[in-house]
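Please read the structure below before turning to the comments.
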Amino acid sequence: MELPGDGAARLVPFREFVVKVHSRCDLACDHCYVYEHADQSWRQQPKALSEPVAERVAARLAEHAATHGLPSVTVILHGGEPLLAGPARLRTLCEVLTRALDGVAGLDLRIHTNGLRLGVPFLDLFSEYGVKVGVSLDGDRTANDRHRRFADGRSSHPLVLKALELLRQERYRHLYQGLLCTVDVENDPRAVLDALTSLEPPRIDFLLPHATWETPPARPDGLPVPYARWLLRAFDHWETQGRPVPVRLFDSLLSTLRGGPSLTESLGLAPTDLVVVETDGTLEQADSLKTAHEGAAATGFDVFRHSFDEVAAHPGIRARQSGLAGVSAECRRCPVVRSCGGGLYAHRYRDANGFDNPSVYCTDLRELVDGVEARTAPVVIAPEVAGPAVLMASQQELTRVLLARLHSDMGEAGGEDWQHSWELLAAVEAAAPDALDTVVDHPYTRAWVLAALDSVRRGRPPGTEPVRQLSALAAAAVVRGRLDMTATVVHQGGALYLPTLGLLRTGASAEEGRAGIRAADAGFSVREGGTETRFGLSEEGPRWQPVRLLPGTGAWVRPMALEDVDPYRDCFSRPPSPRLDGAGAEGWQRRLGAAWTLLHRTVPALARETAAGLGTLTPLADGAGAGPGRAGRRGPGALGVTCSAGVRGTALALLTGRRRARLRELTEVADLYALDGEWLHESPWRERPVPVSELLADVYARVAAEEYRRSQGRGDGDGDGGDGDGDGDAIKRALDRLSGAAELTVSGKAVVGELRREFESGA
């Protein structure tokens, strides 16, 4: 895999601000990164945040939010132990922050505490300002007492439980944010999880103990992956319990395995957007860096002399905002890096080369990601991957969602014509839902809907084209449903296309006009002005060009539409052919029939797969292009095939074109990969490295083409180019590369796995 140059990275504004309100603590936890690790700068900090510092922090924060137009910011009150600051000081800080951000941005206030002093005075204050409370607790008493004790050795557990009992009362329950638990592999993970879930937290955070390559984590008995095994046992217990409480670490892994974002700073490639304010107003990077070395978190900035933008430009901050480019070369080559993100930045530190290393928990993280994937893959693989019927249903639903979105976006811009057509569609749906389904599911309905949505999204008025298309859609549904309704159709230029039915020449001028369309016996009638004309659906004439229907082939190829009049069929790598005359249509039909017969004789399973879900064929013009058959960019169930292709070339075009179409349809409703383009991959068929989407598309089509060639003992594609020029060795190399691609989701891996089985079974 290659990493493309990322150029000059833009400044990422901070959205999360950790404000130290007190720099001391009333516990003596031996795993604390503030007091027990390399950086001891806390000793020089004032004990508490003063009011002048608070005022300056609030002003800088409001300045930053206004500069970047942030809708909201999160402020986490931290320490040490923040409750040592006392209610009065915390009230002043809450007031200052609230006042400064009023009218600028929303304020999400939180506090992380050990809970020992959490009583009614604090909770009443937090309720007044909406401060959410997160509490640190490592499990049951045995687990918690391993590390979280007072300096004299006393247990803190009973006091924390008392505080949580108060926090869980009805009047304060809305403030309860969750529990933070540091993993100790000496503890029983099931007992820890049971103890935490019994306290009904809105969320649990499992945290790995801070460590670096210089101060590695404890590994009892020399086990290579004790933290992964501990977490996987907790995961299994969580699953058995029915996931009673969200666990951020597990939810993050499940998200990234599906192609979603990371949900925690300790995993994933999302850029950091956090900055720390110490009690004296100095600005630092994440506290976890104090684990690495003295001064590792320092920036040299403070709230009195520097803006948050200046801090955001600090090299240390930028290093944690560069995503894939910010992890080590070894991590960039790892197939799970999208889920683990190289681990927490602090955990990568080594004296010899700083943070340019995998996490000291690398082996644990790999085992954890692989373990969660293996446990969940069968249920998180998108059902569309294995089920053609599910894929078709999802595609149909997608068109409806997009059409509804367009209706919402059009608002009043469509006027009375749009509203009339929309109401007519609703009436058709009630009276003849199958008729409506047929026209909405027409492949090129999606094309014009997307074109209109693109115009709205880009801020360009969509004009009257969507109104004409919607009115024609409603009219076609009325005709198909043989309903006693009149559809008012808006047309222009003397031509009107009724989706799935055909092209009507109205005889009107180039000016926009309206016509009333009604269903009639074996056809429809058109009324313009005082004249009414009847047309038979299949009777071609000077004014009516119906969509022809290609007969099926045996019991496995259903009849298909020969679509050569729809104005939105121009969505292939080659331009569409003009309307075929009778002889041209018959010749094309004969070649198609012979091609289907050839496919069924040589690769029957692939022939049935190719025919499934294919309902519309569009003739493409001869000449330069990328191949004889390509997937339409917009229309599911449609395929374009050149007019001049021979029988073998047409067969290959059907096979590979449908393959590419199906993959495109699949990627529209299922996440097969994420961060497409972040990596580049060598391709056997391209001069330059390509993104994973392109490599997958090539392999997806070529596996079928290779089976087709093997069935005939041929090494070429009948001179038609395109996907007929591959070979088995090249496909194997490409499959090997895809198998290690970090971009692939669980669903994407399932697709590649099926391709490999298909390829190897035909070898």
Side-chain angles (χ1 to χ4, degrees), residues 1-3 257-259 332-339 366 369-370 373-374 377-378 380-382 384-386 388 391 603 605-606 609-610 627 630-631 652 655-667 670-712 714-717 722-763:
M1 289 184 286
E2 285 189 12
L3 180 69
L257 287 171
R258 290 186 177 100
R332 291 198 294 271
R333 294 190 296 270
C334 179
V336 305
V337 67
R338 196 172 45 76
S339 287
R366 177 65 187 268
V369 175
D370 287 344
E373 179 178 340
V380 302
I381 292 174
E384 291 86 358
V385 169
L391 175 59
V603 283
L606 283 177
E609 176 196 289
T610 300
R630 280 293 186 263
L652 184 62
L655 190 67
T656 59
R658 182 60 191 140
R659 266 295 173 103
R660 288 182 178 274
R662 184 178 185 276
L663 181 62
R664 184 178 296 278
E665 292 165 19
L666 191 55
T667 57
D671 290 320
L672 303 186
Y673 41 76
L675 301 181
D676 186 38
E678 287 289 315
W679 292 264
L680 294 178
H681 303 266
E682 294 295 333
S683 169
W685 308 286
R686 312 286 175 175
E687 293 182 0
R688 299 173 63 85
V690 298
V692 73
S693 56
E694 190 170 332
L695 185 61
L696 179 59
D698 280 343
V699 174
Y700 201 84
R702 288 173 185 273
V703 166
E706 181 69 11
E707 185 174 344
Y708 170 72
R709 283 191 297 272
R710 287 169 178 167
S711 72
Q712 303 174 79
R714 295 180 60 85
D716 58 56
D723 296 308
D725 300 325
D727 61 77
D729 289 340
I731 291 173
K732 183 179 184 305
R733 292 198 305 273
L735 283 170
D736 289 343
R737 185 165 289 276
L738 281 171
S739 295
E743 305 97 309
L744 293 183
T745 65
V746 171
S747 297
K749 291 177 182 179
V751 169
V752 172
E754 182 58 36
L755 284 173
R756 186 180 291 278
R757 287 188 290 273
E758 180 184 354
F759 173 70
E760 292 176 350
S761 67

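Residue numbers count from 1 along this sequence.
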**Study point:** Beyond-backbone contact of His681 with Val692, side-chain heavy atoms, under 4.5 angstrom
**Key:** yes
* Tell me, do Glu609 and Leu606 make a side-chain contact under 4.5 Å, heavy atoms counted? -> yes
For Tyr708 and Val603 the tightest heavy-atom approach is CA-CG1, 4.0 Å
Output for pair (Ile381 CD1, Leu257 CG), nearest 0.5 Å, gives 11.0 Å
Rounded to the nearest 0.5 Å, the CZ atom of Arg659 sits from the OG1 atom of Thr610 at a distance of 7.5 Å
The side-chain hydrogen bond (donor to acceptor under 3.5 Å, both in side chains) partners of Glu707 (sequence neighbours excluded) come to none
Notebook entry, point to check: With a 4.5 Å heavy-atom cut-off, do Tyr700 and Val751 have their side chains touching?
Noted result: yes
Between the CG atom in Leu738 and the CG atom in Leu755, the distance rounded to the nearest 0.5 Å is 8.0 Å
Sorted by chain and residue number, the side-chain hydrogen bond (donor to acceptor under 3.5 Å, both in side chains) partners of Arg733 (sequence neighbours excluded) come out as none
Residue set satisfying side chain to side chain contact (heavy atoms under 4.5 Å, CB included) with Asp370, at least two apart, ordered chain then number -> Val336, Arg366
CG of Leu675 to CG of Leu744, rounded to nearest 0.5 Å, is 11.5 Å
If only atom types and distance count, is the side chain of Trp679 paired as donor or acceptor with the main-chain N or O of Arg332 below 3.5 Å?
yes
Distance col, row Leu735:CG vs Arg702:CZ, nearest 0.5 angstrom, shows 12.0 Å
Residues passing the side chain to side chain contact (heavy atoms under 4.5 Å, CB included) test with Ala382, sequence neighbours excluded, are Glu384, Val385, Ala670, Ser747
Taken in chain and number order and not counting sequence neighbours, the residues that satisfy salt bridge (charged side-chain N to carboxylate O under 4.0 Å, His left out) with Asp736 are Lys732, Arg756
Here the gap from Phe759 atom CZ to Arg710 atom CZ, rounded to the nearest 0.5 Å, amounts to 4.5 Å
Closest non-hydrogen atoms of Ala697 and Leu663, given as atom of the first, atom of the second and distance, are CA-CD2, 3.4 Å
Sorted by chain and residue number, the side-chain hydrogen bond (donor to acceptor under 3.5 Å, both in side chains) partners of Arg338 (sequence neighbours excluded) come out as none
Donor-acceptor contact below 3.5 Å, side chain Ser683 vs main chain Val690
no
With sequence neighbours left out, the residues meeting side chain to side chain contact (heavy atoms under 4.5 Å, CB included) with Arg258 are Leu254, Val380
* To do: Could you walk me through whether Asp676 and Ser693 pass side-chain hydrogen bond (donor to acceptor under 3.5 Å, both in side chains), step by step?
  => CA-CA 7 Å; Asp676 186 38; Ser693 56; 2.7 Å; yes
ask   = Just wondering, do Leu391 and Arg662 contact through their side chains at under 4.5 Å, heavy atoms?
value = yes
Sorted by chain and number, sequence neighbours left out, side-chain hydrogen bond (donor to acceptor under 3.5 Å, both in side chains) with Thr667 holds for none
